[in-house]
Enquirer: 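Can you read through this structure? Questions will come right after.
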2 protein chains.
Amino acid sequence: MATTGPRAGSLGIGEVAERTGLSVHALRFYEREGLLVGPVHRTAGGRRRYTDADVEWLRICVKLRESGMPLADLARFAELVRAGPGNEAERLHLLDTHQRRVEARIQALEECRSLISWKVGIYTDHLSRGQAEGLWDPTT
Amino acid sequence: MATTGPRAGSLGIGEVAERTGLSVHALRFYEREGLLVGPVHRTAGGRRRYTDADVEWLRICVKLRESGMPLADLARFAELVRAGPGNEAERLHLLDTHQRRVEARIQALEECRSLISWKVGIYTDHLSRGQAEGLWDPTT
DNA sequence: CTAGGAACTAGAGCGAACTCTAGATCAAGC
DNA sequence: GCTTGATCTAGAGTTCGCTCTAGTTCCTAG
């Protein structure tokens with residue numbers, strides 16, 4: 001029979017949590033929010049069984065989230081995929097927008113990094129000189 | 001007289017908001033949260049007057065926040081600076097921890113970026129071929 | 001003097017992304 | 001059959017970092 005019990009090649013929610021790094025709570029939450037492309041299969045008893053494709057998709061979601069894509073965009077993307085071919089332009093637009101966001105973020109972080117390492121340098125110097133100096137301005 | 005009225009070289013909250021990119025609300029909030037190194041001067045009428053040093057410090061806060069330092073850490077750092085010399089090791093530790101965080105974040109973002117540009121490539125290809133293909137797996 | 005805008009305080013509210021709770025059900029091992 | 005632990009649902013709660021409200025006061029221009 002089809003969706004009657006655990007099948008090879010399908011995973012329970014706990015296993016998926018392990019494999020994706022999401023909590024079981026988050027997995028259910030993502031499903032409610034419509035982040036999954038298809039409906040998750042269920043066993044006769046009502047437990048979720050995820051396919052490899054589900055897991056693959058979730059891993060992509062994790063990456064996109066990790067890089068700051070809002071859940072709403074992810075949901076929209078899933079919706080587009082669900083709707084099937086024909087809306088690739090919008091999918092591309094979503095990704096493209098996000099790519100710019102990520103690049104901007106990386107740039108901003110790199111600027112911050114140099115500010116920080118400059119400050120770390122100051123403190124390291126100071127400490128290695130046995131904190132012998134008094135010339136601290138309040139912004140250091 | 002001293003704190004009786006607006007003085008040259010001191011700015012009102014609105015001007016500081018403009019210069020730092022923070023909202024006036026955020027500025028008051030930061031103050032309440034103890035993110036500032038010293039108490040902000042007030043006019044006789046109770047309005048805040050910020051010094052250039054205050055603005056400088058705020059700009060640093062903005063940078064640190066922008067790069068993901070939690071407000072609590074920022075508050076701790078301010079507290080250390082307020083306490084005066086002698087705690088440079090802890091200040092350094094805070095900065096150093098944050099630096100690692102930023103570097104890890106940059107790395108993660110760069111990985112995401114390559115995933116995204118791979119996907120953008122797929123869609124661009126697809127679209128430029130006049131969406132003539134049907135070989136879509138659900139994870140694209 | 002009057003009007004209007006900027007700033008004041010204390011505290012409530014908000015959006016994002018989860019996380020946790022309660023109470024019930026399912027499933028596997030002894 | 002019974003226990004134990006994983007899952008289930010619906011919905012409440014949490015954390016972070018602001019943002020906004022209400023009601024008031026200050027101050028500058030006309």
Side-chain angles (χ1 to χ4, degrees), chain A residues 1 3-7 10-36 39-50 54 58 61-78 98 101 105 108 112, chain B residues 1 3-7 10-36 39-50 54 58 61-78 98 101 105 108 112:
Chain A
M1 244 183 240
T3 52
T4 302
R7 290 176 295 176
S10 92
L11 301 164
I13 198 168
E15 292 161 311
V16 174
E18 258 176 40
R19 269 152 241 235
T20 57
L22 295 163
S23 69
V24 297
H25 295 296
L27 282 168
R28 290 192 280 245
F29 170 71
Y30 275 21
E31 187 179 334
R32 266 191 272 173
E33 296 293 297
L35 262 63
L36 301 189
V40 181
H41 297 143
R42 300 293 185 118
T43 65
R47 271 83 203 284
R48 294 173 178 80
R49 301 306 302 185
Y50 294 83
D54 290 334
L58 281 167
C61 287
V62 167
K63 276 291 170 203
L64 291 173
R65 275 291 307 122
E66 202 180 311
S67 53
M69 183 182 275
L71 287 189
D73 287 14
L74 228 32
R76 178 70 186 143
F77 196 80
H98 184 53
R101 188 161 39 203
R105 191 91 187 92
C112 296
Chain B
M1 242 183 243
T3 51
T4 301
R7 290 177 296 176
S10 92
L11 300 165
I13 197 169
E15 292 161 311
V16 174
E18 259 175 39
R19 267 152 242 237
T20 57
L22 294 163
S23 69
V24 296
H25 294 296
L27 282 168
R28 290 192 280 243
F29 170 72
Y30 276 20
E31 187 178 334
R32 266 191 271 174
E33 295 294 296
L35 262 64
L36 301 188
V40 181
H41 297 144
R42 302 289 185 122
T43 64
R47 272 82 200 285
R48 293 173 179 80
R49 299 308 302 185
Y50 295 83
D54 290 333
L58 281 166
C61 288
V62 166
K63 276 289 169 205
L64 291 174
R65 276 289 307 123
E66 201 179 310
S67 54
M69 182 182 274
L71 287 188
D73 286 14
L74 227 33
R76 178 69 185 142
F77 196 78
H98 184 56
R101 189 162 37 205
R105 191 90 188 93
C112 297

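Below, read A as the first sequence line, B as the second, and so on, with proteins coming before strands; counting in each chain starts at 1.
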Enquirer: Tell me: CD1 of A:I13 to C1' of C:dT19, nearest whole Å?
Expert: 13 Å

Enquirer: Taking CD from B:E31 and C1' from D:dC18, how many angstroms apart are they, rounded to a whole number?
Expert: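 Spelled out: CD on B:E31 to C1' on D:dC18 is 16 Å.
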
Enquirer: Give a yes/no answer on whether the side chain of A:R48 brings an N or O atom under 4.0 Å of OP1 or OP2 in C:dC26.
Expert: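 Indeed not, no polar side-chain atom of A:R48 lies that close.
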
Enquirer: Would A:F77 and A:L64 count as a side chain to side chain contact (heavy atoms under 4.5 Å, CB included) here? Give the steps.
Expert: CA-CA 11 Å; A:F77 196 80; A:L64 291 173; 5.6 Å; no

Enquirer: Can a salt bridge be assigned to the pair A:D73 and A:R101 using a cut-off of 4.0 Å between side-chain N and carboxylate O?
Expert: yes

Enquirer: Between B:R65 and D:dC18, does any side-chain N or O lie under 4.0 Å from OP1 or OP2?
Expert: yes

Enquirer: Measure from the side-chain heavy atoms of A:V24 and tell me the nearest of C:dC8, C:dT19, D:dT7.
Expert: D:dT7

Enquirer: Which nucleotide in the list C:dT19, C:dA27, D:dC18 gets nearest to the side chain of A:T43?
Expert: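 Selected nucleotide: C:dA27.
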
Enquirer: Between A:E33 and A:R65, does a salt bridge (Lys or Arg N to Asp or Glu O under 4.0 Å) hold up when you go through it step by step?
Expert: CA-CA 14 Å; A:E33 296 293 297; A:R65 275 291 307 122; over 6 Å; no

Enquirer: Return the CG to CG distance between A:L74 and A:L35, rounded to the nearest 0.5 Å.
Expert: 4.5 Å

Enquirer: Reading DNA chain C from 5' onward, which residue's closest nucleotide shows up sooner: A:F29 or A:R47?
Expert: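 Its nearest nucleotide lies further toward 5', so the answer is A:F29.
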
Enquirer: Rounded to the Å, how far apart are A:E33 CD and D:dA10 P?
Expert: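 Taking CD of A:E33 and P of D:dA10, I get 13 Å after rounding.
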
Enquirer: Counting the atoms with a prime plus P, OP1 and OP2 as sugar-phosphate, which does B:R28 contact under 4.0 Å by heavy atoms, base, sugar-phosphate, or nothing?
Expert: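 It contacts base atoms.
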
Enquirer: Are OP1 or OP2 of C:dC18 and a side-chain N or O of A:Y30 less than 4.0 angstrom apart?
Expert: yes

Enquirer: Calculate the interatomic distance between A:L58 atom CG and C:dC18 atom P; express it in whole Å.
Expert: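 My rounded result for the distance is 12 Å.
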
Enquirer: Nearest whole Å is fine: how far is D:dC27 C1' from B:R49 CZ?
Expert: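 My rounded result for the distance is 12 Å.
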
Enquirer: Could you check how far CG of B:L11 sits from P of C:dA6, rounded to whole Å?
Expert: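 In whole Å, C:dA6 P lies 16 Å from B:L11 CG.
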
Enquirer: Report the residue (B:H25 or B:A72) whose heavy-atom-nearest nucleotide on DNA chain D is the more 5′ of the two.
Expert: B:A72

Enquirer: Of the nucleotides C:dA17, C:dT9, D:dT19, which one has an atom closest to the side chain of A:L71?
Expert: C:dA17

Enquirer: Could you give the CZ-to-P distance, from B:R32 to D:dC16, as a whole number of Å?
Expert: 17 Å

Enquirer: Mapping B:G12 and A:P70 onto DNA chain C by nearest heavy atom, which one lands closer to the 5' end?
Expert: B:G12

Enquirer: Starting from C1' on C:dA16, measure out to CD on A:E66 and report it in whole angstrom.
Expert: 17 Å

Enquirer: Could you point out which residue of A:R28, A:R49, A:E18 forms a side chain to side chain contact (heavy atoms under 4.5 Å, CB included) with A:I13?
Expert: A:R28

